[in-house]
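Okay, so here's the structure we're looking at.
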Amino acid sequence: MTPDEIRIKRITITATEEVKPLWERIDRWWLLFFAVLLITSLLILYRPDPYGRIFVFLQDGIRVTMSITVVSFLLILLVGLIGGLGRIAKNPLIKGIASIYVEIIRGIPLLVQLLFIYYASPILLRDFGTKLIGLWPSMANRLINIKLNPFGAAVAGLTICYGAYMSEIFRAGIESIPKGQMEAARSLGMSYFQAMRYVILPQAVRVILPPVGNEFVALLKDSSLVSVVAVADMTRRGREFMASTFLALETWMMVALLYLVMTLFLSRIVAYLERKTSFVR
Amino acid sequence: MSDNVDNIIEIERVSKRFGRVVALDDVSLTVKRGEVVVIIGPSGSGKSTLLRCINHLESVDSGRIVVDGIPLTEAKNIDKVRAEVGMVFQSFNLFPHLTALENITLAQRVVRKRSQKEAEEIAHQLLAKVGIPEKANAYPGQLSGGQQQRVAIARALAMQPKIMLFDEPTSALDPEMIKEVLDVMLDLAREGMTMVVVSHEMGFVKAAAKRIFFMCDGRIIEETTPDSLSLAACKEERTRQFLSKILI
């Protein structure tokens, strides 16, 4: 047999080995998701008082939680890409700025960052505006009269915080691609950014997909912290409902189940994508 | 020296250090158009570093390199030079997320701005030329080492380079696959491609090389031709020592 034939035979053998019965191929963690979904639905349908009422009251909050998570996540991916490229840049200034950003932000709790952005940063901007009044009156006035939109402040806080962690994930993903890939691309005459775009990043995406997916799930849960900056997300709606009804157990049980339904579903999607995008090196 | 249009590569007194290790020590070398030059020497002697300096994968600490009349000094020139210089690596470095065909068309489209159709036509021609037209849609992971290296050669040729650099192209291959890669390289040499090859494949050296340089400790210590490549003809003791191990 020539080496090619041996190789083909080897591929065929592995291919046949991988055919498993259906019940083994299905990801069994889906069962947990459906169990939790079932319990939640049964509670809402067969115990409308109070669970149905709680669910109806929380609905706006669910929507806010979802949109804040999705909007922040898209921005986080952008910040992570820029931050990750900055961390591996040869230019010491760019590298320094990216590294300081990552190190400082990772050292401050997310809750404190959110409180800082919502309550402290308007004061800073106002002070800055007063100093600017002689130089640039229109901008100064805008800064002095600034009113932060809670949703915007929450998105900004989550993006800045998670962007730092995401930068590290992107950096590690890019660095995990063998150096020869960049060299081969550059030796063909591609620029650094062309090589990144067509050669390095498409491979890095497969490496970073699992940690990025985990970040998304973590972000969904941490978005509950935005309830402290006047955003009416699911957690804040829960607090409001409890305050008016004193049904602490039922309220937080419902809130916890709803978070669980969302996170279990997302974890499965992440696991599916992970399997789908893996490839033979 | 640089007025001589026959010289396609001019390396003048180049030195390069990695920390405290001297990789290249005052190396000068010129290659003429259409010439096949082979560099041999023990590992760590600076052969690969010299090759990588020619398309600026490594920068030099001092000295001058001119490729096809373009000095390798400014950043602007580097991409220009790289598009004229094809490189083949020991570890192939194919892009594993792309098929053989896509590996060959990517740089054509991105750098040479060719259309998808034109790039694919060229890619199919080159795959036929290196003897694996049927592997166009295979991913690198599905190809043998010899096939991967031939795709890598096709990928470099697709840019229509004036010079091809080979950095130990057969060292990572099983003995059975070495020949298929060397045959492709011999064809290229016969067509008049300028080639700088780091290799210890004596069969190829004897069949294709015009000049042979022996490197040791970052210096070129001896220049010879395939005809006089024998233990008796070499002046330097170190060359004889090395050759006694690779010549049978």
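What you see is a predicted model; the values in this text were computed from it and never measured. Below, chain A is the first sequence line, B the second, and so on; all start at residue 1.
- At a heavy-atom separation below 4.5 angstrom, chain A is approached by B/Leu106, B/Ala107, B/Val110, B/Val111, B/Lys113 within residues 106-132 of chain B.
- Heavy-atom contacts from other residues, nucleotides or ligands closer than 6.0 Å to CZ of A/Phe128 number 12 or fewer.
- Contact check for A/Gln181 versus B/Pro96: side-chain heavy atoms found under the 4.5 Å cut-off.
- Taking a 6.0 Å sphere around CE of B/Met202, one finds it holds more than 12 heavy atoms contributed by other residues, nucleotides or ligands.
- Proximity to chain A among residues 36-49 of chain B is not found for any residue, judged by heavy-atom separations below 4.5 angstrom.
- Note that the CG atom of A/Leu188 and the CZ atom of B/Arg82 stand 10.5 Å from one another [nearest 0.5 Å].
- Side-chain contact between B/Asp79 and A/Ser191 is present, with heavy atoms from C-beta onward closer than 4.5 Å.
- Taking 4.5 Å as the heavy-atom cut-off, none of the residues of residues 178-188 of chain B approach chain A.
- Under the ring-ring contact (aromatic ring centres under 6.0 Å, His included) criterion, B/His56 pairs with no residue, sequence neighbours left out.
- Annotation for A/Arg106: atom CZ counts as buried by contact number, over 12 foreign heavy atoms lying within 6.0 Å.
- The parts of B/Phe95 that come within reach of chain A are both its backbone and its side chain, each placing non-hydrogen atoms under 4.5 angstrom from that chain.
- Residue A/Ala195 does not touch chain B at all, counting heavy-atom pairs closer than 4.5 Å.
- The environment of A/Phe265 atom CZ is sparse: at most 12 non-hydrogen atoms of other residues, nucleotides or ligands sit within 6.0 angstrom.
- Counting heavy atoms from C-beta on, the side chains of A/Glu183 and B/Met87 never come closer than 4.5 Å.
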